[in-house]
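The structure under discussion appears below in the form of structure tokens.
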Amino acid sequence: MMQYGFSFDISRCTGCMACVIACQDQNDSEGDNPPSFRYVIKYEKVQGTNPLIYFFSISCQHCGDAPCIMVCPVRAIKKRDEDGVVVIDRDLCIGCHSCEMACPFGAPKFQGDGRMAKCDLCYTRIEKNMKPACVRICPTGALGAGPIEELSKKKAEKASFVFLTSLVGDYHR
Amino acid sequence: MSKGEDASIRRLIKAKIPGKETGIEIKKGLCSICNAQCGIDVYVKDGRLIKTEGTLENPVNKGRLCVKGVSNKQYVYHRERIRSPLLRVGEKGSDRFVPISWDEALDRIALRLNEIKEESGPESVVFFTGFPKWLRPFLKRLAHNFGSPNYMSESSTCYLATVLANRLTYGCSFVPDLKNTKCILNWSSNPYYSSAPQAINFVEALERGVKIIDVGPLNTTLSRQADIHLRIRPGTSGALALGIAHVIIEEDLYDREFVSNWTYGFEEYRAYVKEYTPEVTAKITGLAPQEIIAGARLYARTKPATIVTSASVTVHHTNGVQNHRAITALIGLTGNFDRPGGNHVVPTSYYHRATGFDTREEEFEQTKNWEEMAKRIGEEEYPVWSRFIHEAQAVSLPFQIMSGKPYPVRALVGFGVNYRMWPGSDFMKKSLERLEFFVDVDLFMTDTAKFADIVLPASSSLERSELSISPSRYAIWTEPVIPPVGDSRSDVDIIIELSKRLNLNDPLLSKGHEACLDFIFEPSNIRIEEIKKHPGGLILGGFPRTPYEKYKKTGFSTPTGKMEFASVILREAGYDPLPVYREPKYSPISTPHIAAMYPLILTTGARLPMYMHSRMYRVPWTRGLRPDPMVDINPKDGEERGIKQNERVVLSTPRGSIMVKANLTEYVPPGVVNMYHGFPGADVNELIEPDYRDPISGYPGYKSLLCDIRKSNGGDL
């Protein structure tokens with residue numbers, strides 16, 4: 001089964017929050033306290049005398065073995081065969097919050113109608129060869145999306161390039 | 001249509017997929033929330049904007065967008081948009097207006113302005129424009145045609161002081177050649193927050209292994225990524241630059257050929273920087289001597305190297321122009337001036353964009369010589385500013401309104417005026433009340449617009465046309481992508497209509513926006529008609545790239561024809577000719593008696609990603625990201641004061657206090673607090689004196705003064 005997912009490069013994330021609002025713009029999250037399916041967490045620590053600030057952008061991870069699917073009493077959550085995206089049928093949802101308790105990432109959000117809503121990886125856009133809204137806007141390219149095999153291959157290539165450069169100096173790909 | 005097909009189309013519409021079946025169309029627009037002019041793909045359905053995305057083929061942002069740009073839907077359709085011309089019927093500031101027609105509004109304005117001109121001369125009417133910059137040449141032309149020398153803009157506090165400083169030293173301005181450089185000395189700029197879609201240049205530089213030295217008190221993402229972060233005390237940039245020059249000269253790392261052939265005043269400069277040993281510099285800046293030496297060596301030994309400064313951080317100090325001159329002197333000292341990978345001189349055209357095109361912008365906007373008009377506001381106080389910058393100095397405006405000297409100022413025609421821009425913003429607000437006639441053109445009913453006699457509704461960039469020519473020579477003319485909100489109009493159309501009703505008899509302006517642009521770009525043979533044929537924009541070809549090392553042929557446009565370490569113009573005007581360092585007017589060193597009561601250093605106005613001055617506060621999406629006015633304070637300082645995260649605190653200077661929330665963060669070093677500006681109800685500019693300014697440019701010292709923070713006792717300030 002094909003599995004799509006997000007990739008994230010923490011060294012590039014600047015906490016600019018564009019992904020958060022791009023998600024709200026795409027999903028028309030408006031009104032009082034509109035939910036965002038993606039959020040950005042700031043993390044600070046002092047390493048020796050060096051203060052470090054990092055940001056982490058996170059949403060639904062579209063888990064391979066998704067706990068939200070397991071706990072949903074009405075089977076409203078399922079994994080799409082085509083791309084492994086975890087989706088919710090809001091017509092079936094009873095708003096019991098089980099998925100919220102099971103999810104390690106805080107992905108399920110509850111809207112005004114009491115039912116769950118979450119990131120769907122913009123799968124309709126992906127079908128049309130468009131990137132998810134949050135990935136498309138990311139000014140530094142910290143966020144990516146695609147089949148996870150491709151994403152991990154890219155990461156491996158990038159890491160080996162860094163190793164190679166440190167071992168043999170400047171060299172062109 | 002079958003049930004299945006129906007569901008599938010509903011899914012496409014929900015995902016906002018453009019196409020015939022969904023009725024969603026992508027139209028090309030420009031974002032004008034800031035001045036970067038990012039291209040935006042506007043998703044339109046049934047005449048309404050439903051989504052925005054960066055335009056891939058626009059080289060300004062290459063498909064990227066920032067948090068503000070993607071909020072355009074809420075910005076454009078905000079309920080506080082002004083929908084028709086308004087006439088104030090209540091007290092000034094009361095927000096009691098009645099709608100009137102455009103005809104009535106424009107006639108009333110023209111009648112009153114011509115009356116005032118008749119009674120006390122055209123100079124008693126001021127023409128001001130805020131942000132962004134696209135309408136500027138038109139407003140300046142209107143002002144001069146009217147006979148008033150007092151065209152002024154928000155550039156009285158932003159960007160132009162760096163241009164002034166660079167022209168004093170080099171006779172021109174320059175841009176960092178990021179694509180070809182091997183080392184970036186980034187001086188107090190946070191590109192990831194100030195121009196996120198363009199910051200990819202820094203990411204790519206990092207990937208290429210370009211060395212980065214980051215200077216500044218704030219701990220930004222670029223500080224983390226940099227090879228060296230020189231975390232100076234705010235306001236001490238000048239001292240650090242002199243200290244770096246000291247190391248470069250002592251260790252013989254400077255470009256002897258450039259210095260001996262192309263510079264003036266080097267011996268004087270060398271003698272002055274001798275004082276700034278690493279130990280002395282370390283004491284002033286708060287750095288360690290080794291850090292200064294390491295930074296100086298890395299910058300001077302890596303060739304080519306470029307210096308990046310922000311639009312105004314380096315000049316927002318009471319020694320701003322000289323600090324900036326000290327920084328940019330390093331470019332010539334190391335031979336990186338107008339060389340590939342260094343700092344490249346590219347002529348700017350059409351509101352300060354480095355495109356290299358010849359234009360008639362100056363001829364277009366300055367229709368009268370200065371000698372034909374009265375003295376500009378601020379001209380006597382800031383003669384060097386007035387010599388180089390062809391505008392009045394707006395920071396002097398409230399003083400002249402209040403004093404009536406040297407002549408009375410009675411009326412203001414403003415486009416996007418915000419009194420919170422001024423240091424001592426309450427003083428500017430008071431002066432607005434004193435005006436006899438105030439017209440404000442804006443998108444929103446702002447706190448400033450509430451003081452206007454007549455308010456005119458401007459349309460957003462998505463409801464009108466705009467020309468953008470980027471430094472990469474990509475040109476686009478946009479058509480309106482949605483109908484105007486309410487009865488709003490394009491700023492330029494408002495200016496053209498005003499010109500007619502004022503009987504200014506300007507045939508060129510009367511021909512309209514496009515004809516004026518054709519006039520401006522005529523020397524480069526660029527015509528709007530041609531650009532229009534390419535709705536998605538085009539790269540203007542056939543123009544030679546701006547070459548390097550042009551000074552070898554032309555010399556420098558300074559009195560000596562050379563780069564001036566010692567400025568002849570400053571000497572003649574009675575200022576220090578060298579880029580001397582002076583402490584901020586209020587600092588622990590210059591005013592220890594004040595520091596005893598106000599021990600923390602206050603720096604203000606550093607960009608937050610979601611705000612652009614005050615214009616995004618009202619937009620729910622961006623406001624939701626930082627709903628409260630917050631002061632950044634180091635956890636150590638917080639602990640000493642018993643302050644916890646999100647607690648209400650009082651931020652005070654000798655001038656006043658505001659109530660804000662504490663944000664404990666390593667973003668600021670111990671001893672420094674950082675506050676964003678312009679927040680309604682917690683305006684930090686009220687804490688800064690109206691005359692806390694740089695003596696050469698008049699720029700406010702927003703970035704370094706003294707303050708204290710205490711826990712709020714619950715009630716009053």
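Quick caveat, the model's predicted, so the values are computed rather than measured.
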Where does [X] contact chain B at under 4.5 Å (heavy atoms): side chain, backbone, both or neither?
X: A:Asn50; result: neither
X: A:Lys42; result: side chain
X: A:Glu44; result: side chain
X: A:Cys122; result: neither
X: A:Cys19; result: neither

inquiry  = Checking A:Phe56 against A:Tyr43 for the ring-ring contact (aromatic ring centres under 6.0 Å, His included) test, could you report, in this order, the C-alpha distance in whole Å, the side-chain angles of both residues, the deciding distance, and whether it holds?
reply    = CA-CA 8 Å; A:Phe56 205 98; A:Tyr43 174 69; 9.6 Å; no
Can you tell me which portion of [X] sits under 4.5 Å from chain A's heavy atoms? Options are side chain, backbone, both or neither.
X: B:Lys14; result: backbone
X: B:Tyr192; result: both
X: B:Glu204; result: neither
X: B:Thr220; result: neither
X: B:Lys51; result: both
X: B:Ser223; result: neither
X: B:Tyr667; result: both
X: B:Ile17; result: side chain
X: B:Ala196; result: both
X: B:Pro18; result: side chain
X: B:Leu222; result: neither

inquiry  = How close do B:Asn674 and B:Ala606 get, counting heavy atoms only, and between which atoms?
reply    =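 Looking at all heavy atoms of both residues, the closest pair is OD1-CB, 3.9 Å.
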ask   = Between B:Leu608, B:Asn190, B:Leu56, which shows the greatest number of heavy-atom pairs under 4.5 Å with chain A?
value =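 Most heavy-atom pairs within the cutoff with chain A belong to B:Leu56.
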request  = Tell me, out of B:Arg231, B:Arg64, B:Arg11, who's got the most heavy-atom pairs with chain A below 4.5 Å.
outcome  = B:Arg11
Residue, of [options], that accumulates the most heavy atom pairs under 4.5 Å with chain B:
options: A:Asp28, A:Val20, A:Val40; result: A:Asp28
options: A:Asp25, A:Thr124, A:Ile21; result: A:Asp25
options: A:Arg12, A:Gln26, A:Met130; result: A:Gln26

query = Looking at B:Thr55, B:Asn58, B:Thr52, which one forms a side chain to side chain donor-acceptor pair (under 3.5 Å) with B:Asp41?
reply =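 That would be B:Thr55.
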How long is the gap from [atom1] on [X] to [atom2] on [Y], to the nearest 0.5 Å?
X: B:Gln645; Y: B:Ile643; atom1: CD; atom2: CD1; value: 11.0 Å
X: A:Cys93; Y: A:Ile77; atom1: SG; atom2: CD1; value: 7.5 Å
X: A:Met17; Y: B:Cys66; atom1: CE; atom2: SG; value: 13.0 Å

query = Is the Lys NZ or Arg CZ of B:Arg48 less than 6.0 Å from the centre of B:Tyr77's six-membered ring, within 45° of the axis?
reply =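 Judged by the rule, B:Arg48 and B:Tyr77 form a cation-pi pair.
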query = Are A:Arg38 and A:Phe6 in a cation-pi contact, defined as NZ or CZ under 6.0 Å from the six-membered ring centre and within 45° of the axis?
reply =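 Verdict for A:Phe6: a cation-pi partner in A:Arg38.
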key: Salt-bridge criterion met for B:Glu25 and B:Lys45 (N-O under 4.0 Å)   = no
key: Presence of salt bridge, B:Glu640 and B:Lys636, under 4.0 angstrom   =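 Looking at B:Glu640 together with B:Lys636, the answer is yes, because their closest N to O distance falls below 4.0 Å.
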ask   = Would you say the side chains of A:Glu30 and B:Gln74 form a donor-acceptor pair under 3.5 Å?
value =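 Per modelled atom types, A:Glu30 and B:Gln74 side chains form a pair under 3.5 Å.
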request  = Return the orientation label for the B:Tyr676 and B:Tyr611 ring planes: parallel under 30°, perpendicular over 60°, tilted otherwise.
outcome  = tilted
query = So among A:Lys79, A:Lys118, A:Arg80, A:His62, which one has a side-chain contact (heavy atoms from CB on, under 4.5 Å) with A:Val87?
reply = A:Arg80
